[in-house]
Amino acid sequence: MPADILTSTWHWLSMNSAGIAALFAASFMVLGVLSALEAILKSRTAQGAVAWAIVLIGLPWVFVPLYWIFGRRKFRGYALAKHSDHSEIDRIAAKLASQFSNFRATSSDDPRFIALEQLATLPFSSANDAHLLINGEHAFAEMLSRIAAAKHYVLLEFYIIRDDGIGGKLADLLLAKVRDGVAVYFIYDEIGSLQLPGSYLRRLRNGGVDVRPFNSTKGLGNRLQLNFRNHRKIVVCDGDYSLIGGMNIGDEYRDMHPVLKPWRDTGLALTGPAVHAVQLAFAEDWLWATGSLPELNWHVCSADADKALSKTLVLATGPADNTESCALYFLNMINHATARLWIVSPYFVPDAPVIHALQLAAMRGVDVRIMLPAKPDKIMIQLSSYTAIKETLARGVQFYYYQDGFLHEKVMLVDDDISVVGTANLDNRSFRLNFEIGVISHDRHLAQKMEVMLNTDLQHCVQLLPREVAKWSLRRRLLSRCAYLFAPLQ
């Protein structure tokens, strides 16, 4: 009997295969048209809308799945939660804003920062202390020391966590802190930490660490999405100390990558009122990931009076924002530079508005320098960068390739008084798809230290000259142009 059923089924399928194929094709055509209509309504640019519409209607069986995985620009679930379920976050933000009025910085009246304050949840504050953490060993030593000294709670949020030497040290310390009665809340990104073994997470959870995935696929309309990432790197201890920067939790950041070493990176340690702005960004992510808020210290106080020199703004950006906040932040910094604009990023795949802003800055006499790694970790992105470099270099922007290992820091020096350390790269992914965070400091002393740091980095660089670009082969230019077409997905 089973054999007869199988034979009958196979016979039916054979007789009706053409009809099934036609139904399948028609279904994809309908889905292609509907997806194209959504792309036309929601794409950021006319070019993007046209490109998606053509491929969705022309090759729907290929591009419909790709569109529903990679095509969206808004993290819909998080955005809806942000506007409906975050009354508690709004209450905390209002309380903090009231306290921040006691630490109002004169930077708030500076025209360079007016738009930035509108992008941020909390305004500039004075009475902060910020210092640079150069490279992984320095940053990790401070991070572990500060966590060891925490008395009440520790907040951690990282894009990548590895079960290696530094990952093991961190796990041991967190478990010890839980045994001492310190609460530990830990967020990781599921895509960035895809290779993290479940045994690592189980060990932390069994030991009392509250460790959670960011849940970028949670909520209506997000199930198929793989494009949104939580790229933030945050440590907060007791509400009075925070650390952010380029370093994830992995031995490659300690110069142990088998190929990309030494690894050049920068972090920033922060005390003072601005710590609560970092903590607020974590709390909002935790609420999305878990549906609840931990008990945290929201009492704002200044840093050590002898060190409280930095006027600081914390800017958390992401695809749930009403505006493209990260792209606007970069444009604001570029457009307000008057003498110097030095940017360091491992990736350079900006869109047209940022390219135009860099060109205009160089044309009005600003010393525009962009430092990139000579040795890439992602070949596709390096290929894409050649197109953007060729367009930008022609107007006087200077490019420098770092030769001494892999350059991963994400910093910016504007004129002689503004420095930025954060997690955002100079690319489309950071502009529109990643959750990022950065600290903008209006502090000549810190800017001087960053200038010294970057001048040291420049000593390990080779400048890319226009005559070298003019000699780029047709093959390189063609490959670069093709790769640049996929910049929104990189």
Side-chain angles (χ1 to χ4, degrees), residues 68-70 72 74-82 85-86 88-89 143 147 153-164 166-168 170-175 177-178 183-236 243-244 246-250 252-253 278-296 316-321 423-424 429-430 432-437:
W68 288 102
I69 293 173
F70 296 111
R72 293 188 176 182
K74 282 294 182 186
F75 192 174
R76 187 163 171 243
Y78 194 110
L80 290 173
K82 189 171 185 177
D85 298 334
H86 279 203
E88 185 66 12
I89 288 288
M143 178 186 75
I147 292 174
Y153 61 83
V154 175
L155 314 177
L156 303 103
E157 184 169 357
F158 284 95
Y159 177 60
I160 295 172
I161 307 169
R162 301 201 190 281
D163 186 9
D164 55 15
I166 186 62
L170 178 62
D172 291 343
L173 178 57
L174 296 180
L175 291 169
K177 295 306 294 183
V178 170
V184 178
Y185 305 94
F186 201 163
I187 300 174
Y188 66 94
D189 184 85
E190 307 98 300
I191 303 299
S193 300
L194 194 61
Q195 297 180 356
L196 184 66
S199 57
Y200 184 93
L201 297 170
R202 285 193 297 273
R203 181 182 174 223
L204 289 176
R205 287 175 181 137
N206 291 340
V209 175
D210 198 347
V211 56
R212 306 293 186 97
F214 178 63
N215 271 331
S216 58
T217 58
K218 184 182 81 170
L220 181 65
N222 294 327
R223 292 298 180 192
L224 299 177
Q225 285 295 315
L226 298 177
N227 224 11
F228 301 120
R229 317 281 166 78
N230 190 319
H231 196 241
R232 294 170 182 165
K233 295 96 176 173
I234 293 173
V235 177
V236 176
L243 185 157
I244 71 162
M247 282 81 75
N248 288 291
I249 303 300
E252 62 264 43
Y253 301 89
V278 179
Q279 182 169 275
L280 184 65
F282 176 93
E284 190 168 24
D285 288 345
W286 186 265
L287 182 59
W288 163 255
T290 69
S292 62
L293 279 174
E295 290 291 329
L296 303 177
T317 62
D321 295 346
T423 65
R429 173 161 288 284
S430 285
R432 297 180 181 89
L433 300 175
N434 287 349
F435 289 85
E436 308 281 7
I437 192 166

[atom1] of [X] to [atom2] of [Y]: how many Å apart, nearest 0.5 Å?
X    : Y    : atom1 : atom2 : result
N248 : I166 : CG    : CD1   : 12.0 Å
L201 : N206 : CG    : CG    : 10.5 Å
I191 : N434 : CD1   : CG    : 11.5 Å
R229 : S430 : CZ    : OG    : 11.0 Å

Residue set satisfying side-chain contact (heavy atoms from CB on, under 4.5 Å) with R162, at least two apart, ordered chain then number -> I160, D164, Q195, E252
A316 meets the side-chain contact (heavy atoms from CB on, under 4.5 Å) criterion, sequence neighbours left out, with R232, A281, I437
[X] side chain near [Y] side chain, heavy-atom distance below 4.5 Å:
X    : Y    : result
V184 : Y153 : no
L204 : L175 : yes
S193 : I161 : yes
D210 : F186 : no
I234 : V236 : yes
L156 : V211 : no
E157 : V235 : no

Does the D285 side chain pair with the main chain of F282, one donor and one acceptor, at a distance under 3.5 Å?
no
So salt bridge (charged side-chain N to carboxylate O under 4.0 Å, His left out) across residues 193-208, not counting sequence neighbours, yields D172-R203
Sorted by chain and residue number, the side-chain hydrogen bond (donor to acceptor under 3.5 Å, both in side chains) partners of Y188 (sequence neighbours excluded) come out as none
For T317 and F435, run side chain to side chain contact (heavy atoms under 4.5 Å, CB included): C-alpha distance rounded to whole Å, both residues' side-chain angles, the deciding distance at 0.1 Å, then the answer. CA-CA 6 Å; T317 62; F435 289 85; over 6 Å; no
- Message: For L296 and L155: C-alpha separation, side-chain torsions, deciding distance, then whether side chain to side chain contact (heavy atoms under 4.5 Å, CB included) applies.
- Response: CA-CA 10 Å; L296 303 177; L155 314 177; 3.8 Å; yes
ring-ring contact (aromatic ring centres under 6.0 Å, His included) filter on Y159, not counting sequence neighbours, yields H231
Contacts of Y185 meeting ring-ring contact (aromatic ring centres under 6.0 Å, His included) (sequence neighbours excluded), chain-then-number -> W286
Closest approach of [X] and [Y], non-hydrogen atoms and distance?
X    : Y    : answer
L196 : D163 : CD1-N, 3.8 Å
M247 : F158 : O-CE2, 3.5 Å
Y200 : G167 : OH-O, 2.8 Å
P319 : L433 : CG-O, 3.6 Å
K233 : G246 : CE-O, 3.8 Å
T290 : R212 : CG2-NH1, 3.2 Å

_Stepwise side chain to side chain donor-acceptor pair (under 3.5 Å) check, E436 with T423_ = CA-CA 6 Å; E436 308 281 7; T423 65; 2.5 Å; yes
